[in-house]
Number of protein chains: 2
Amino acid sequence: MAEVKPKTKTKKTRQQDPEGTKRNITEVAMREFVNRGLSGARIDEIAANTNTSKRMIYYYFGDKDRLYLHCLEEAYREIRDGETALKLDHLTPKDALKKLVEYTFEHNNNHPNFVRMVMIENIHHGSFIDRSDIIQKLNATVVNDLEEIYLRGVEEGVFRKGIEAIDLHWHISALCFFNVSNRDTFTKIFEKNLNSDAEQAKLCQQVVAMIMRFVAA
Amino acid sequence: MAEVKPKTKTKKTRQQDPEGTKRNITEVAMREFVNRGLSGARIDEIAANTNTSKRMIYYYFGDKDRLYLHCLEEAYREIRDGETALKLDHLTPKDALKKLVEYTFEHNNNHPNFVRMVMIENIHHGSFIDRSDIIQKLNATVVNDLEEIYLRGVEEGVFRKGIEAIDLHWHISALCFFNVSNRDTFTKIFEKNLNSDAEQAKLCQQVVAMIMRFVAA
DNA sequence: CTCATAACTAACTAATTAGTACATTTCTAT
DNA sequence: ATAGAAATGTACTAATTAGTTAGTTATGAG
């Protein structure tokens with residue numbers, strides 16, 4: 001019964017803490033991966049920054065690839081976990097879409113780890129996503145929510161017909177993702193600091209405007 | 001006089017071919033870097049795929065980092081070299097902008113090496129761009145062209161006021177870049193094949209629409 | 001022709017780094 | 001309390017991999 005995890009029921013003075021150790025390793029590994037990429041990440045470096053040893057990384061995660069996959073899944077889980085609380089049903093289609101776009105913009109901005117893990121995954125041609133059962137299941141929601149809003153808008157005559165929800169999601173993602181993924185090179189090449197709150201607020205507003213105008217009837 | 005390069009004037013039966021060797025190494029290295037990232041790329045693998053030996057990589061490029069930087073610069077050079085022939089001056093602002101966006105979309109699509117090198121560079125926080133004198137100089141043109149078109153459009157009353165050319169460039173880049181950079185993960189997660197010509201044509205048209213509507217008066 | 005230098009080859013090294021062997025401690029169920 | 005399993009620490013190994021050493025061959029100027 002190797003799969004039986006000892007739940008942390010009794011939180012008294014325990015010195016062994018498997019869940020905590022795993023969590024600690026995951027956090028440190030995530031930092032290392034997002035900063036250096038999959039191949040650039042060093043297991044020794046991760047080990048040195050945990051409260052535990054390299055041995056435990058292999059004990060819990062098997063090898064580097066599986067540790068990376070775990071971090072990738074964790075990044076997807078984190079970003080999707082925060083996504084439920086929007087309550088868009090009782091808003092007008094326009095307001096709902098606006099809120100969704102603003103939210104996506106902020107969300108990408110607040111989760112650079114997610115953005116960077118996806119970048120890394122694309123460098124590796126998405127080969128780890130293939131192997132993950134979990135990630136597939138985490139993504140239906142966004143497009144469904146979006147489709148609902150869009151169809152409602154079309155029905156009410158405020159959105160034009162003929163757009164597919166997934167395409168809309170594609171464009172929203174593009175604008176919000178790129179803002180985080182390419183900030184380093186863009187900032188350096190065009191010598192424009194995009195990190196300030198004011199600049200980000202302006203960009204967010206522009207992204208919203210772009211999407212709203214795109215779907216407008 | 002170590003810097004004196006023997007120009008390939010006399011192209012008779014020569015067995016030594018420094019320029020060709022460098023070009024060959026660069027091509028192979030580019031393939032390796034874009035497929036595996038900076039840290040994932042293997043010098044031995046590059047060497048094995050050239051017509052020459054590992055020794056020559058070090059002979060001409062010094063070390064792995066400088067080889068990578070050379071490839072990065074080459075990717076920027078390639079993409080900027082193709083950019084001159086647009087001739088947007090005698091078009092209406094709308095047509096000119098449309099053409100520029102279409103062109104950017106196609107150009108990113110046709111130069112995945114460029115897109116992927118920029119992705120890799122962002123993973124590494126743009127640290128190599130810092131070290132490159134060349135790349136800085138290659139980027140003024142796009143934004144200038146765009147600004148000219150935009151200002152002309154504002155003057156003629158077809159574009160609204162208050163948009164900065166660099167922001168416009170930011171959004172165009174986002175939409176066109178993401179289309180290439182994130183295709184692997186997006187395709188796999190949403191199980192939608194975006195590689196077909198029809199799908200790409202649709203996306204391109206939508207990107208154009210999005211930008212045109214965004215700037216419309 | 002010949003000599004200096006640039007272009008090139010093959011075999012080697014030093015360091016890094018993913019992964020392991022083995023011993024020990026802590027916990028849990030009986 | 002104790003046996004068996006899970007969790008952990010220390011020291012090691014085997015492979016990989018960036019980079020080099022020590023040379024040979026081609027080329028072009030004089």
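Keep in mind it's a predicted model, so treat the numbers as computed, not measured. Proteins come first, then strands; the chains are lettered A, B, ... in the order of their sequence lines, and each starts at number 1.
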(message) If the threshold is 4.0 Å, N to carboxylate O, is there a salt bridge linking K202(B) and E199(B)?
(response) yes
(request) Using a strict 4.0 Å threshold on nitrogen-to-oxygen distance, state whether E102(B) and K98(B) make a salt bridge. (result) yes
Categorize [X] for me: base, sugar-phosphate, or nothing, with a 4.0 angstrom heavy-atom threshold over every strand shown.
| X | answer |
| --- | --- |
| A47(B) | nothing |
| R42(A) | sugar-phosphate |
| Y59(A) | base |
| Y60(B) | sugar-phosphate |

[X] has an atom [atom1]; how far is it from atom [atom2] of [N], in whole Å?
| X | N | atom1 | atom2 | value |
| --- | --- | --- | --- | --- |
| I25(B) | dA7(C) | CD1 | P | 12 Å |
| Y68(B) | dT17(D) | OH | C1' | 19 Å |
| Y58(B) | dG23(D) | OH | P | 22 Å |
| L67(A) | dT17(C) | CG | C1' | 15 Å |
| R55(A) | dA21(C) | CZ | C1' | 9 Å |
| N51(B) | dA7(C) | CG | C1' | 15 Å |
| L38(B) | dT17(D) | CG | C1' | 14 Å |
| E45(A) | dA18(C) | CD | P | 11 Å |

(message) Quick check: on DNA chain C, is the nucleotide nearest M56(B) upstream (toward 5') of the one nearest G62(A), or the reverse? Name the residue that is more 5'.
(response) M56(B)
(request) Find out whether V118(A) and F114(A) are in side-chain contact, i.e. whether some heavy atom of one side chain is under 4.5 Å from a heavy atom of the other. (result) yes
(request) Return no unless some side-chain N or O of S53(B) is found under 4.0 Å from OP1 or OP2 of dT9(C). (result) yes
(request) Tell me whether the OP1 or OP2 atom of dA7(D) has a side-chain N or O from T21(A) closer than 4.0 Å. (result) no
(message) Between H169(B) and F190(A) (judged by ring centroids, cut-off 6.0 Å), do the two rings come close enough to count as a pair?
(response) yes
(request) Confirm from the modelled atom types if K64(A) and dG19(C) form a donor-acceptor pair under 3.5 Å, side chain to base only. (result) no
(request) Determine, stepwise, if the pair E121(A) / Y68(A) fulfils side-chain hydrogen bond (donor to acceptor under 3.5 Å, both in side chains). (result) CA-CA 10 Å; E121(A) 186 55 13; Y68(A) 167 78; 2.8 Å; yes
